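Note that the structure is a prediction, hence the values are computed from the model and not measured. Both ligands and their constituent atoms are indexed starting at 1 by order of listing.
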Amino acid sequence: MAKTVPSPDQDKKLIRQEILASRRPVMPRQNRQVAENLLRVIHQLRPSVVAAVWPLPGEVDLRPLCRQLVRAGYQVVLPETPPKGQPLLFRQWRERMPMKVGRFGTCHPSGARKVPDVILIPLVAFDRHGGRLGYGGGYYDRTLPLHPQAALIGYGLSSQERDGLPMDGHDHRLPVIVTEREIIHTEE
Ligand SMILES: Nc1nc2c(c(=O)[nH]1)N(C=O)[C@@H](CNc1ccc(C(=O)N[C@@H](CCC(=O)O)C(=O)O)cc1)CN2
Ligand SMILES: Nc1ncnc2c1ncn2[C@@H]1O[C@H](COP(=O)(O)OP(=O)(O)OP(=O)(O)O)[C@@H](O)[C@H]1O
């Protein structure tokens with residue numbers, strides 16, 4: 001009988017489940033440290049438009065960073081989650097804008113669509129080589145090819161790091177990953 005060979009999709013699912021099941025609440029200090037490190041990298045890149053993310057439960061909360069960025073003169077856009085199979089749409093966010101609830105409990109503003117120069121990417125898991133795992137919707141995988149000029153920065157907690165995540169052809173390697181502890185410039 002033929003041996004069953006695990007596919008990257010199945011491996012990813014198991015790792016995702018393991019990490020989500022063992023996830024602890026993000027401490028306020030960790031949140032601040034991730035945001036501080038992100039701000040440092042963003043300042044160096046001098047972008048006009050930064051794509052951030054409105055948090056889902058259990059994720060690092062970028063809302064304070066969004067406010068800081070807008071006050072520092074950057075434009076902030078947030079993703080609207082379309083039906084599966086379509087890329088994310090980035091819409092401009094301003095302070096105190098009412099948010100709409102979208103797919104999978106995500107929230108997005110109804111501002112104008114803008115093209116980001118920097119894209120902050122939430123991680124469920126990452127490795128030192130820039131491999132990433134999200135919630136499995138494939139949304140960022142489908143969106144990033146449409147923004148080849150954008151600088152990509154993954155973010156999460158150091159506890160989400162794993163050795164050598166399985167990668168598919170369509171997966172994008174992240175050149176920079178920011179945690180509460182460090183700014184990682186990933187290697188091939
Ligand atoms: N805050 C935040 N916004 C984001 C993302 C994200 O990771 N975090 N996304 C990143 O791509 C996109 C939304 N992607 C998602 C894709 C799939 C599921 C999803 O299937 N959720 C399952 C449960 C997942 C699980 O716990 O295993 C569900 O709601 O049933 C959620 C979000 C865009 N916005
Ligand atoms: N560019 C693409 N074209 C077609 N299918 C894709 C593409 N990107 C991802 N997929 C499919 O989408 C599914 C989810 O992909 P994957 O597990 O890489 O998502 P993820 O990176 O964890 O999620 P997200 O990008 O939403 O955070 C997989 O079945 C994958 O084959």
Side-chain angles (χ1 to χ4, degrees), residues 5-26 30-31 34-35 38 50-67 69 76-93 97 99-111 113-116 118-127 129-148 150 152-157 159-162 164-179 186:
V5 182
S7 74
D9 265 7
Q10 284 171 321
D11 291 353
K12 284 183 180 182
K13 208 169 159 184
L14 287 174
I15 299 168
R16 186 179 292 121
Q17 280 172 353
E18 176 256 311
I19 293 206
L20 291 176
S22 66
R23 202 152 71 163
R24 288 158 187 270
V26 181
Q30 294 174 316
N31 236 313
V34 173
L38 282 173
V50 179
V53 171
W54 211 248
L56 287 169
E59 286 184 331
V60 169
D61 184 354
L62 297 188
R63 287 175 296 182
L65 177 68
C66 290
R67 286 180 212 112
L69 288 171
V76 169
V77 293
L78 298 172
E80 175 178 341
T81 307
K84 271 202 181 168
Q86 293 177 27
L88 298 167
L89 304 175
F90 294 108
R91 293 189 180 279
Q92 187 161 16
W93 174 84
M97 240 186 190
M99 299 293 283
K100 292 190 169 165
V101 178
R103 290 187 176 76
F104 306 115
T106 58
C107 290
H108 61 86
S110 42
R113 286 182 63 181
K114 297 244 159 159
V115 177
V118 168
I119 306 181
L120 307 183
I121 303 174
L123 305 168
V124 170
F126 67 93
D127 66 28
H129 308 286
R132 73 168 275 275
L133 211 61
Y135 280 102
Y139 282 110
Y140 280 95
D141 295 332
R142 288 188 180 86
T143 307
L144 300 180
L146 305 176
H147 300 282
L152 310 178
I153 309 172
Y155 69 91
L157 296 184
S159 55
Q160 292 167 306
E161 181 175 343
R162 292 294 180 277
L165 290 177
M167 294 283 275
D168 295 316
H170 51 72
D171 285 334
H172 277 251
R173 220 180 55 81
L174 300 178
V176 180
I177 293 175
V178 168
T179 72
T186 64

Interatomic spacing from [atom1] in [X] to [atom2] in [Y] - rounded to 0.5 Å:
X: Cys107; Y: Leu56; atom1: SG; atom2: CG; result: 8.0 Å
X: Phe104; Y: Tyr139; atom1: CZ; atom2: OH; result: 4.5 Å
X: Arg16; Y: Asp11; atom1: CZ; atom2: CG; result: 11.0 Å

>> So, using side chain to side chain donor-acceptor pair (under 3.5 Å) as the criterion, who are the partners of Arg142 when residues are at least two apart?
In response: none

> Taking only residues two or more places apart in sequence, or in another chain, which ones meet Thr143 in a side chain to side chain donor-acceptor pair (under 3.5 Å)?
Replying inline: none

> Looking at residues at least two apart in the chain, or sitting in another chain, which of them share a salt bridge (charged side-chain N to carboxylate O under 4.0 Å, His left out) with Asp171?
Replying inline: Lys12

Scan [options] and name whichever one has a side-chain contact (heavy atoms from CB on, under 4.5 Å) with [X].
X: Glu80; options: Arg113, Lys100, Arg103, His108; value: His108
X: Ile153; options: Val50, Leu38, Leu174, Ile119; value: Leu38
X: Leu157; options: Thr179, Asn31, Val60; value: Val60
X: Trp93; options: Arg63, Met99, Lys114; value: Met99

> If you measure from the Lys or Arg side-chain nitrogens to the Asp or Glu carboxylate oxygens, is any gap between Asp141 and Arg132 under 4.0 Å?
Replying inline: yes

Where is the nearest protein heavy atom to [atom]: which residue, which atom, and how far?
atom: atom 8 (N) of ligand 1; value: Glu59 OE2, 2.8 Å
atom: atom 21 (N) of ligand 1; value: Phe104 CD2, 3.9 Å
atom: atom 5 (C) of ligand 1; value: Pro122 CG, 4.2 Å
atom: atom 13 (C) of ligand 1; value: Thr81 OG1, 3.8 Å
atom: atom 23 (C) of ligand 1; value: Tyr135 CD2, 5.0 Å
atom: atom 4 (C) of ligand 1; value: Thr106 CG2, 3.9 Å

>> Using heavy atoms and a 4.0 Å limit, tell me yes or no: is Gly136 in contact with ligand 1?
In response: no

>> Any heavy atom of Pro55 closer to ligand 1 than 4.0 angstrom?
In response: yes

Are there any protein N or O atoms under 3.5 Å from the N or O atoms of ligand 2? List them with distances, or say none.
| from | atom 1 | to | atom 2 | distance (Å) |
| --- | --- | --- | --- | --- |
| ligand 2 | 5 (N) | Arg142 | NH2 | 3.2 |
| ligand 2 | 8 (N) | His170 | ND1 | 3.2 |
| ligand 2 | 17 (O) | Arg16 | NH2 | 3.2 |
| ligand 2 | 18 (O) | Lys12 | NZ | 3.0 |
| ligand 2 | 18 (O) | Asp141 | OD2 | 2.7 |
| ligand 2 | 18 (O) | Asp171 | OD1 | 3.3 |
| ligand 2 | 19 (O) | Gly138 | N | 3.2 |
| ligand 2 | 21 (O) | Arg132 | NH1 | 3.1 |
| ligand 2 | 21 (O) | Asp141 | OD2 | 3.3 |
| ligand 2 | 22 (O) | Arg16 | NH2 | 2.9 |
| ligand 2 | 22 (O) | Gly134 | N | 2.7 |
| ligand 2 | 22 (O) | Gly134 | O | 3.3 |
| ligand 2 | 22 (O) | Gly136 | N | 3.1 |
| ligand 2 | 23 (O) | Gly136 | N | 3.2 |
| ligand 2 | 23 (O) | Gly137 | N | 3.4 |
| ligand 2 | 23 (O) | Gly138 | N | 3.1 |
| ligand 2 | 25 (O) | Arg132 | NH1 | 3.3 |
| ligand 2 | 25 (O) | Tyr139 | N | 3.2 |
| ligand 2 | 25 (O) | Tyr140 | N | 2.9 |
| ligand 2 | 26 (O) | Gly137 | N | 3.4 |
| ligand 2 | 26 (O) | Gly138 | N | 3.1 |
| ligand 2 | 26 (O) | Tyr139 | N | 2.8 |
| ligand 2 | 27 (O) | Arg132 | NH2 | 2.6 |
| ligand 2 | 29 (O) | Asp9 | OD2 | 3.2 |
| ligand 2 | 31 (O) | His170 | NE2 | 3.2 |

>> Within ligand 1, which atoms have a heavy atom of Leu88 less than 4.0 Å away?
In response: 33 (C)

>> I'd like to check which ligand 1 atoms, numbered from 1 as shown, lie under 4.0 Å from a non-hydrogen atom of Trp54.
In response: 1 (N), 2 (C), 3 (N)

> Given side chains that start at C-beta, do those of Tyr140 and Pro122 come closer than 4.5 Å, heavy atoms only?
Replying inline: yes

Using heavy atoms and a threshold below 4.0 Å, how should the contact between [X] and ligand 1 be classified: side chain, backbone, both, or neither?
X: Arg103; result: neither
X: Leu20; result: side chain
X: Val53; result: side chain

>> Tyr139 versus ligand 1: do any nitrogen or oxygen atoms come within less than 3.5 Å of each other?
In response: no

>> Looking only at distances, can you tell me whether any N or O atom of Tyr140, backbone or side chain, sits closer than 3.5 Å to an N or O atom of ligand 1?
In response: no

>> Just by distance, no angles: are the side chains of Arg173 and Thr186 close enough, under 3.5 Å, to form a donor-acceptor pair?
In response: yes

>> Under 4.0 Å from atom 31 (C) of ligand 1, can you find at least one protein heavy atom?
In response: yes

> Short question: side chain of Gln160, backbone of Leu123 - any donor-acceptor pair under 3.5 Å?
Replying inline: yes

